[in-house]
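As the structure lists them, so they are numbered: ligands from 1, and atoms in each ligand from 1.
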Amino acid sequence: MKQNYDVVIVGGGAAGIGIAKTLDFLNKANLKQNENAPSISFCVLERHEVGASFLRWPKEMRFISPSFLSNPFGLIDLNAISPDTSPAFTLDTEHPSGIEYAHYLKQIVKHFELPVYEGVSVAQIRVAEGGYWLETLASPQTMPNKLHAKAIIWAGGEFQHPKNKPFRGSEHCIHNSSIKTWTQLSGKEYVVIGGYESGIDAAIQLSKLNKKAHVVASSPTWEKSSADPSLVLSPYTKGRLRAAMRTGLVTLEGNVKVLSVDRVGNKYHLTACDQDGALKRMIHNQAPILATGFESSARQISHLFDWRLDGMPLVNEVDESTLHTGVFLVGPSLRHDQHILCFVYKFRQRFAVVAHTIAERLGVDTSPLDEYRRQGMFLDDLSCCGGGCTC
Ligand SMILES: Cc1cc2nc3c(=O)[nH]c(=O)nc-3n(C[C@H](O)[C@H](O)[C@H](O)COP(=O)(O)OP(=O)(O)OC[C@H]3O[C@@H](n4cnc5c(N)ncnc54)[C@H](O)[C@@H]3O)c2cc1C
């Protein structure tokens with residue numbers, strides 16, 4: 001590891017490895033044209049190991065977005081992080097588990113020899129002359145624990161930052177991200193708080209184990225319809241939910257907002273209100289399951305961003321902090337106005353935008369990125385996104 005880089009990427013998940021692969025592609029394409037061409041020096045710092053968040057998914061959880069090797073026909077596998085790879089091809093499965101997807105990411109690092117340093121946690125980023133100083137928790141005997149970068153790309157994700165304090169008494173609940181496998185739960189009946197993908201997945205997994213699951217959610221997501229898959233349940237989840245409902249083990253209750261949970265003896269007392277504000281009490285024998293979502297890991301460097309009202313970092317048209325030049329965001333926390341770029345197939349299309357901006361500033365030829373545009377992985381005009389489906 002060197003001490004000075006053009007770019008340091010923080011996080012070795014889908015976003016961090018995806019942007020690293022894009023920079024690597026650009027460098028290799030330029031060097032192929034001219035062996036003296038300038039290139040971008042970069043590395044990825046990952047506090048655990050590549051794909052660490054995916055390795056922490058509950059064992060039974062699967063990608064809701066399907067994988068299919070459609071790349072040769074110009075439609076990149078929805079879960080691929082680069083045009084020339086496909087989880088469907090690497091993993092031989094349509095809905096990868098977390099462990100499988102982490103394997104796909106590790107294979108990319110290995111195959112393309114990406115400069116990834118595992119076990120290096122970035123503890124602090126300070127503004128410095130000509131860029132930023134990153135302070136890591138790495139031992140100075142093994143690698144420098146202070147690195148200078150002209151630009152930072154934050155790819156710290158969300159999964160390791162659960163929203164686990166949404167109301168009073170939430171410490172009595174179990175956040176779904178802390179479940180290693182649903183078989184670890186011994187009770188017969190659970191209440192799940194939250195009705196988006198994670199909450200419904202929790203209910204489905206519990207019903208498969210012959211346990212009852214009652215989902216309470218402030219919004220009845222299962223009734224919602226939208227052309228944006230970030231706002232409604234995926235077809236994969238809706239199909240599985242229909243099957244789970246037929247068992248009679250899953251019940252759904254929308255328009256209910258949980259206000260608090262109290263532990264009384266060995267019972268859990270939930271206080272909630274309906275949409276008219278009427279209070280409702282529920283008593284359960286098991287700790288409620290929290291499926292209340294995640295927050296942006298960019299909170300770790302909150303001083304480097306301005307923040308939107310929805311709690312996500314504010315970025316400009318090239319996904320750069322509006323406060324600090326050279327601080328970029330990639331991954332599921334990316335928002336542009338009403339656009340939510342939380343899925344891999346959405347946020348991967350911005351890797352080339354970030355790579356292009358950085359390359360241009362460093363005087364590196366950006367023309368190889370036209371290949372990303374040709375492959376539908378260079379989305380710099382978001383005005384074409386959204387709108388309704390006609391049928
Ligand atoms: C439960 C769940 C299910 C999802 N399912 C899908 C799906 O089916 N399809 C889809 O397209 N998207 C899905 N998403 C959205 C998105 O694809 C994932 O969130 C994906 O993991 C995002 O990749 P990432 O690289 O941004 O984050 P992560 O995979 O979380 O990677 C971030 C990495 O950064 C590291 N890190 C964080 N802070 C530091 C630091 N200070 N120093 C060093 N390293 C650090 C972490 O250890 C981690 O490895 C899902 C999200 C969640 C939460």
Side-chain angles (χ1 to χ4, degrees), residues 8-21 43-58 60-67 76-81 87 94-98 100-102 104-106 108-109 116-125 134-138 145 147 152-163 175-179 194 196-202 205 229-230 233-237 290-302 304 329-334 340-351:
V8 171
I9 299 161
V10 184
I17 301 306
I19 183 69
K21 171 74 177 73
C43 72
V44 180
L45 305 182
E46 164 54 52
R47 66 180 164 197
H48 301 299
E49 62 185 296
V50 168
S53 293
F54 295 99
L55 293 171
R56 283 162 176 71
W57 276 17
E60 297 81 3
M61 201 164 97
R62 296 285 179 272
F63 261 66
I64 53 171
S65 40
S67 271
I76 315 289
D77 182 326
L78 280 188
N79 300 319
I81 56 159
E94 188 176 315
H95 292 277
S97 67
E100 287 169 331
Y101 197 77
Y104 158 73
L105 294 178
K106 284 173 195 272
I108 291 177
V109 171
V116 179
Y117 297 91
E118 297 178 308
V120 185
S121 185
V122 173
Q124 181 68 262
I125 301 180
L134 290 97
E135 290 169 24
T136 73
L137 298 180
N145 59 357
L147 279 84
I152 307 286
I153 302 180
W154 188 262
E158 297 180 347
F159 186 76
Q160 293 176 42
H161 301 263
K163 276 189 196 155
H175 195 279
N176 73 304
S177 62
S178 66
I179 305 272
Y196 277 98
E197 289 292 346
S198 306
I200 301 298
D201 186 58
Q205 301 302 345
S230 298
L233 296 177
S234 64
Y236 179 60
T237 300
L290 274 189
T292 42
F294 302 86
E295 52 188 40
S296 177
S297 65
R299 287 275 170 208
Q300 291 180 54
I301 50 161
S302 57
L304 295 179
L329 178 73
V330 292
S333 301
L334 208 51
I340 304 171
L341 289 98
C342 67
F343 287 104
V344 171
Y345 79 90
K346 291 181 171 185
F347 66 67
R348 71 182 182 188
Q349 301 198 53
R350 302 289 295 179
F351 296 153

Would you say [X] and [Y] make side-chain contact, with heavy atoms under 4.5 Å?
{"X": "Lys21", "Y": "Phe351", "answer": "no"}
{"X": "Leu134", "Y": "Val10", "answer": "yes"}
{"X": "Asn79", "Y": "Pro96", "answer": "yes"}

- Just heavy atoms, cut-off under 4.0 Å: does Ala155 contact ligand 1 by side chain, backbone, both, or neither?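 The part of Ala155 near ligand 1 is the backbone, not the side chain.
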Does any N or O of ligand 1 fall below 3.5 Å from an N or O anywhere on [X], backbone included?
{"X": "Phe294", "value": "no"}
{"X": "Val122", "value": "yes"}
{"X": "Ser198", "value": "no"}
{"X": "Gln300", "value": "yes"}

Proximal atoms of ligand 1 relative to [X] (non-hydrogen, under 4.0 Å):
{"X": "Ala52", "value": "49 (O)"}
{"X": "Leu45", "value": "43 (C), 44 (N)"}
{"X": "Val344", "value": "10 (C), 11 (O), 12 (N), 17 (O)"}
{"X": "Val10", "value": "40 (C), 42 (N), 43 (C)"}
{"X": "Ile64", "value": "7 (C), 8 (O)"}
{"X": "Ser65", "value": "7 (C), 8 (O), 9 (N), 10 (C), 11 (O)"}
{"X": "Pro332", "value": "19 (O), 22 (C), 26 (O)"}
{"X": "Phe159", "value": "53 (C)"}

To check your reading of the model: name the closest protein heavy atom to [atom], its residue, and the distance in Å.
{"atom": "atom 30 (O) of ligand 1", "result": "Ser53 OG, 2.5 Å"}
{"atom": "atom 21 (O) of ligand 1", "result": "Phe54 CZ, 3.0 Å"}
{"atom": "atom 27 (O) of ligand 1", "result": "Gly157 CA, 3.2 Å"}
{"atom": "atom 10 (C) of ligand 1", "result": "Phe343 CD2, 3.3 Å"}
{"atom": "atom 31 (O) of ligand 1", "result": "Gly13 CA, 3.4 Å"}
{"atom": "atom 16 (C) of ligand 1", "result": "Cys342 O, 3.6 Å"}
{"atom": "atom 34 (O) of ligand 1", "result": "Gly11 CA, 3.1 Å"}

What's the spacing between [X] [atom1] and [Y] [atom2] if we round to 0.5 Å?
{"X": "Glu60", "Y": "Asp201", "atom1": "CD", "atom2": "CG", "result": "8.5 Å"}
{"X": "Glu158", "Y": "Ser333", "atom1": "CD", "atom2": "OG", "result": "3.5 Å"}
{"X": "Glu118", "Y": "Arg47", "atom1": "CD", "atom2": "CZ", "result": "13.5 Å"}
{"X": "Ser198", "Y": "Gln205", "atom1": "OG", "atom2": "CD", "result": "11.0 Å"}
{"X": "Leu334", "Y": "Ser296", "atom1": "CG", "atom2": "OG", "result": "10.0 Å"}
{"X": "Ser234", "Y": "Phe343", "atom1": "OG", "atom2": "CZ", "result": "7.0 Å"}

- Query: Trp57 vs Phe159 aromatic rings, parallel, tilted or perpendicular, using cut-offs 30° and 60°?
  - Reply: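 If you compare the ring of Trp57 with that of Phe159, the planes turn out tilted.
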Going by heavy atoms, is [X] under 4.0 Å from ligand 1?
{"X": "Met61", "value": "yes"}
{"X": "Gly12", "value": "yes"}
{"X": "Val120", "value": "yes"}

- Message: My understanding is that only one of Ile17, Val116, Val50 makes a side-chain contact (heavy atoms from CB on, under 4.5 Å) with Lys106; could you say which?
- Response: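 Single pass found, and it is Val50.
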Select the closest option to [atom] among [options], judged by heavy-atom distance.
{"atom": "atom 39 (C) of ligand 1", "options": "Glu46, Arg47, Glu49", "value": "Arg47"}
{"atom": "atom 50 (C) of ligand 1", "options": "Tyr236, Trp57, Tyr101, Phe347", "value": "Trp57"}
{"atom": "atom 46 (C) of ligand 1", "options": "His48, His95, Gln160", "value": "Gln160"}

- Assess whether side-chain contact (heavy atoms from CB on, under 4.5 Å) is satisfied between Arg348 and Ile76, documenting all intermediate values. CA-CA 11 Å; Arg348 71 182 182 188; Ile76 315 289; 3.6 Å; yes
- Message: I'd like to know if atom 52 (C) of ligand 1 has any protein heavy atom within a distance of less than 4.0 Å.
- Response: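 Neighbour list for atom 52 (C) of ligand 1 is empty of protein heavy atoms (cut-off 4.0 Å).
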- Message: Quick check on atom 8 (O) of ligand 1 - does any protein heavy atom sit closer than 4.0 Å to it?
- Response: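 So far as the 4.0 Å threshold goes, atom 8 (O) of ligand 1 is in reach of a protein heavy atom.
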- Task: Decide side-chain contact (heavy atoms from CB on, under 4.5 Å) for Val330 and Phe347; before the verdict, give the C-alpha distance in whole Å, the side-chain angles of both, and the deciding distance to 0.1 Å.
- Result: CA-CA 7 Å; Val330 292; Phe347 66 67; 5.9 Å; no
- Task: Check the side chains of Gln160 and Ser297 for a donor-acceptor pair under 3.5 angstrom, ignoring hydrogens and angles.
- Result: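 No, no side-chain donor-acceptor contact under 3.5 Å.
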- Message: Please enumerate all residues that pass ring-ring contact (aromatic ring centres under 6.0 Å, His included) together with Tyr101, with sequence neighbours excluded.
- Response: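 Result, ring-ring contact (aromatic ring centres under 6.0 Å, His included) vs Tyr101: Phe54, Phe63, Tyr104.
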- Backbone of Met61 reached by a side-chain donor or acceptor of His95 within 3.5 Å: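 Looks like no, no N/O pair under 3.5 Å.
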